Protein chains: 2
Amino acid sequence: MENNQSCIRVFADKVQIDNCREMLQTNDKAFSQLSGLLALAGNEVRLKILFLLEEEKELCPCDLSDILGMSIPAVSQHLRKLKDKNVIEGRREGQTIFYSLRQEQLPLLQPFFKHIIINSKRVTI
Amino acid sequence: MENNQSCIRVFADKVQIDNCREMLQTNDKAFSQLSGLLALAGNEVRLKILFLLEEEKELCPCDLSDILGMSIPAVSQHLRKLKDKNVIEGRREGQTIFYSLRQEQLPLLQPFFKHIIINSKRVTI
DNA sequence: TTCTTATTTAAGCAAATGCTTAAATAAGTT
DNA sequence: AACTTATTTAAGCATTTGCTTAAATAAGAA
């Protein structure tokens, strides 16, 4: 966008716009981090993985492959993304690696879980 | 994935895996809807738009273009996605269209907002 | 009507995403 | 050591995403 004054309107609230710009700048890092996390959870497979880890405490790629009905490499690549952003962590036990949610990001994820659990209870009860 | 029994391990908890599968199936629609919404908010520009609408009640594409420092068509296309999934709605006033958050999806969005507001307050105070 | 302004839409394109298959690691067993 | 199993990594590829520019709508003003 090389033309910076795209809007020529009269009724623009200059102060409001400046305040908003400043707010965005101030919270720049928070927006970037949060949108990054939401983008991770915005993939249906990864959202399911997160939810499964919440419910089952820990699962290995093999389990997840069985549960989700998709190939191990596909699962593994999703796990990698989650691990790279510190959402999950792995613990080795022999050949098997058990993944679990990291407490760190949990407060932000809980609201989603709650939403799904409610639906689940409605159906099962 | 044509090879269905990718995992040959002995220690798989058959019951656990079946329960998980069933849970996923039961909540299939919820996962799809939720991940759809999270994917929308997972884009940094759209997350900012949602937050701005929460703070300012309503804004036109022109305002958003100024605030975000990006072209009007780019903003418009983000607004369209948000509108298509019923996250925002528009109200016409002359040539201007004011967009605002729909109450419907608000409970799910609030937790994100809270997270950003906290950071904002920490910095400004 | 003609002209201006606000917004949307469409076409094009580079970059990102998410799978696939095949090969590479890593640990355990024989 | 050789063999099996669990997992990761890499390369390839079709699809999606998010911008750009240019054109199309929609409403108001001259």
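Not measured: the values here are computed from a predicted model. Here is the naming used below: chain letters follow the sequence lines, and residue numbers restart at 1 for every chain.
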Separation of atom [atom1] in [X] from atom [atom2] in [N], rounded to whole Å:
X       : N      : atom1 : atom2 : result
B:Glu44 : D:dG18 : CD    : C1'   : 13 Å
A:Ile88 : D:dT7  : CD1   : C1'   : 13 Å
A:Lys83 : D:dT8  : NZ    : C1'   : 9 Å
A:Ile72 : C:dA23 : CD1   : C1'   : 16 Å
B:Leu82 : D:dG18 : CG    : P     : 11 Å
B:Asp63 : C:dA6  : CG    : C1'   : 11 Å
A:Leu79 : D:dT8  : CG    : C1'   : 11 Å

Report yes if a side-chain nitrogen or oxygen of [X] is closer than 4.0 Å to either non-bridging phosphate oxygen (OP1 or OP2) of [N]; otherwise report no.
X       : N      : result
A:Ser76 : D:dT7  : no
B:Asn43 : D:dT17 : no
B:Arg80 : C:dT9  : yes

If you look at every strand shown and take non-hydrogen atoms under 4.0 Å, does B:Lys81 touch a base, only sugar-phosphate, or nothing? sugar-phosphate
For B:Ser100, all residues meeting side chain to side chain contact (heavy atoms under 4.5 Å, CB included), sequence neighbours excluded: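 Scan of B:Ser100 (side chain to side chain contact (heavy atoms under 4.5 Å, CB included), adjacent residues dropped) gives B:Glu58, B:Glu89.
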Kindly write out the residues that satisfy ring pair (Phe, Tyr, Trp, His ring centres under 6.0 Å) with B:Tyr99, not counting sequence neighbours, or none if the list is empty.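 Counting only residues at least two positions away or on another chain, B:Tyr99 forms no ring pair (Phe, Tyr, Trp, His ring centres under 6.0 Å).
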Heavy-atom contacts under 4.0 Å between residues 90-98 of chain B and DNA chain C, which residues? B:Gln95, B:Thr96, B:Ile97
Do any pairs count as a salt bridge (charged side-chain N to carboxylate O under 4.0 Å, His left out) and have a residue in residues 36-45 of chain A, sequence neighbours left out, and if so which ones?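 Those involving residues 36-45 of chain A are A:Glu44-A:Lys48.
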[X], nearest nucleotide to its side chain (from [options]):
X       : options                : value
A:Pro73 : C:dT21, D:dT21, D:dT7  : C:dT21
B:Gln77 : D:dT17, C:dG18, C:dA11 : C:dA11
A:Pro61 : D:dA10, C:dT7, D:dT7   : D:dT7
B:Ala74 : D:dA10, D:dT7, D:dT20  : D:dT20

Is the backbone N or O of A:Phe31 less than 3.5 Å from a side-chain atom of A:Ser35, with the two atoms forming a donor-acceptor pair by type? yes
Got a sec, which residues hit salt bridge (Lys or Arg N to Asp or Glu O under 4.0 Å) with A:Glu56, two or more places apart in sequence or on another chain?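 In terms of salt bridge (Lys or Arg N to Asp or Glu O under 4.0 Å), with neighbours along the sequence ignored, A:Glu56 is linked to no residue.
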Return a table of donor-acceptor pairs under 3.5 angstrom between the side chains of residues 79-88 of chain A and protein atoms on other chains or two or more places apart.
from	atom 1	to	atom 2	distance (Å)
A:Arg80	NH1	A:Asp84	OD2	2.8
A:Asn86	OD1	A:Arg102	NH1	3.2

Which pair of heavy atoms, one from B:Ser71 and one from B:Ser65, lies closest together, and at what distance?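 The answer is C-OG, 4.2 Å.
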